[in-house]
Amino acid sequence: MKTILVTGAAGFIGCNFVRLSLSRGYRVVGFDALTYAGHKESLDGLGPNFTLVTGDIRDARAFGTALASHKPHAILNFAAESHVDRSIEDPLLFVETNVLGTANLLHLSLEYWSGLGAADKENFRYLQVSTDEVFGSLGDTGKFSETTPLDPRSPYSASKTGADLMVSAWHHTYKLPTVTTRCSNNYGPFQFPEKLIPHMIQCALQGKPLPVYGKGQNVRDWIHVEDHCAGILLALEKGKPGSNYCFGGNAERRNLDLVHDLCLILDELKPRARGSYKEQISFVTDRLGHDWRYAIDDSLAARELGFTRKHELNGGLRSTVKWYLENESWCKKVLGSGK
Ligand code: NAD
């Protein structure tokens, strides 16, 4: 049985990835600082092949101890400050966590990898989970792919780009076998309710305004988190060292249309006493430097890794809304944890 070490395991994508890896027969060690975005409740009931270590990716001693104790066959870095709005408020935290934290992981991973036996060394991977936001913003046409130049615009995307460049440097300079994945916007269960979809669902249910930036015309490409996680696992198992792979949902929506879709699903699953949830939509001042459009060409991942998607957006949104309706106690716990 192979052991993988997953940083950021208590976050949205991390906890979904842990579930998938356990179901595929891996032993998983989670490593997470349990910031406001990380919650043990998202990892309840995972069984004996899962261990959670509480630690910060910037803390060399804590991460070094986790490596020495658990001897992983691969390290996957999901840990990050991940919310663009927070990066505009507190950019230096994003530099510290995303850039310096990643450099710390690479430094210790290299030391660990150098000490492995020949077979383990050959098969080892350091996988960096990154975002399509490193490519900047598209106009009304075109798509990002693996060859698109990096052109980040927000402190969040700039810090993720800095991290990606560190990964590239460790691969080229020290031959550390790295793989980087870059994905579009994720949705699905266990997403902290500050991000667009769960935030809108919570506001709708609480009778609050549904805040849409600007005129709601910015376009995002949405992928179900389970499809993203399946792509990451493929990149881990089949990705070529030094490569990067893009994953998308092939499902572009203007933000306003997405919120309309959510309202229609809620109208059906949890009708208001009168009228539609659409009546709660309220336009608010646009985000500073708001990227216009993201879209991904993931044909390389399809060809080289066999990447496919199980979920299409309409069905995925419906099952996601249902999940939040059925897991109100999880939402209350994570929102009320006071972190
Ligand atoms: P998240 O904010 O839900 O979770 C981040 C996790 O990292 C949390 O559990 C948090 O406690 C942990 N963490 C934060 N700082 C840490 C530190 N210093 N040390 C250890 N742990 C720390 O984020 P997410 O949405 O699950 O995103 C996971 C990764 O995927 C991130 O790297 C993000 O950039 C990337 N990504 C996210 C999306 C998306 O749509 N959510 C899309 C593409 C890529």
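Side-chain atoms are counted along with the backbone in the values below, which use heavy atoms only and exclude waters and symmetry mates. Atoms within each ligand, like the ligands themselves, are counted from 1 in listed order.
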Enquirer: Looking at Val129, Asp132, Thr131, which hits side chain to side chain contact (heavy atoms under 4.5 Å, CB included) with Lys160?
Expert: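 It is Thr131, the one option of Val129, Asp132, Thr131 that forms the side chain to side chain contact (heavy atoms under 4.5 Å, CB included) with Lys160.
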Enquirer: Who pairs with Glu268 by salt bridge (Lys or Arg N to Asp or Glu O under 4.0 Å), at least two apart in sequence or on another chain?
Expert: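 Scan of Glu268 (salt bridge (Lys or Arg N to Asp or Glu O under 4.0 Å), adjacent residues dropped) gives Arg318.
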Enquirer: Just to verify, which of Lys238, Glu304, Lys240 counts as forming a side chain to side chain donor-acceptor pair (under 3.5 Å) with Tyr245?
Expert: Glu304
Enquirer: So that I can tick it off, tell me whether Arg293 and Glu252 are bridged by a salt bridge, with the cut-off set at under 4.0 angstrom between side-chain N and carboxylate O.
Expert: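 Between Arg293 and Glu252 there is a salt bridge, with a charged N closer than 4.0 Å to a carboxylate O.
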Enquirer: If the condition is salt bridge (Lys or Arg N to Asp or Glu O under 4.0 Å), which residues does Arg125 pass it with, not counting sequence neighbours?
Expert: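 Not a single residue meets the salt bridge (Lys or Arg N to Asp or Glu O under 4.0 Å) criterion with Arg125.
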Enquirer: Please list, chain by chain and in numerical order, all residues satisfying salt bridge (Lys or Arg N to Asp or Glu O under 4.0 Å) with Asp297, sequence neighbours excluded.
Expert: none
Enquirer: Tell me, which residues have any heavy atom less than 4.0 Å from some atom of ligand 1?
Expert: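 The 4.0 Å shell around ligand 1 contains Gly8, Ala10, Gly11, Phe12, Ile13, Asp32, Ala33, Leu34, Thr35, Ala37, Gly38, Gly55, Asp56, Ile57, Arg58, Phe78, Ala79, Ala80, Ser82, Thr97, Val129, Ser130, Thr131, Tyr156, Lys160, Cys183, Ser184, Asn185, Asn186.
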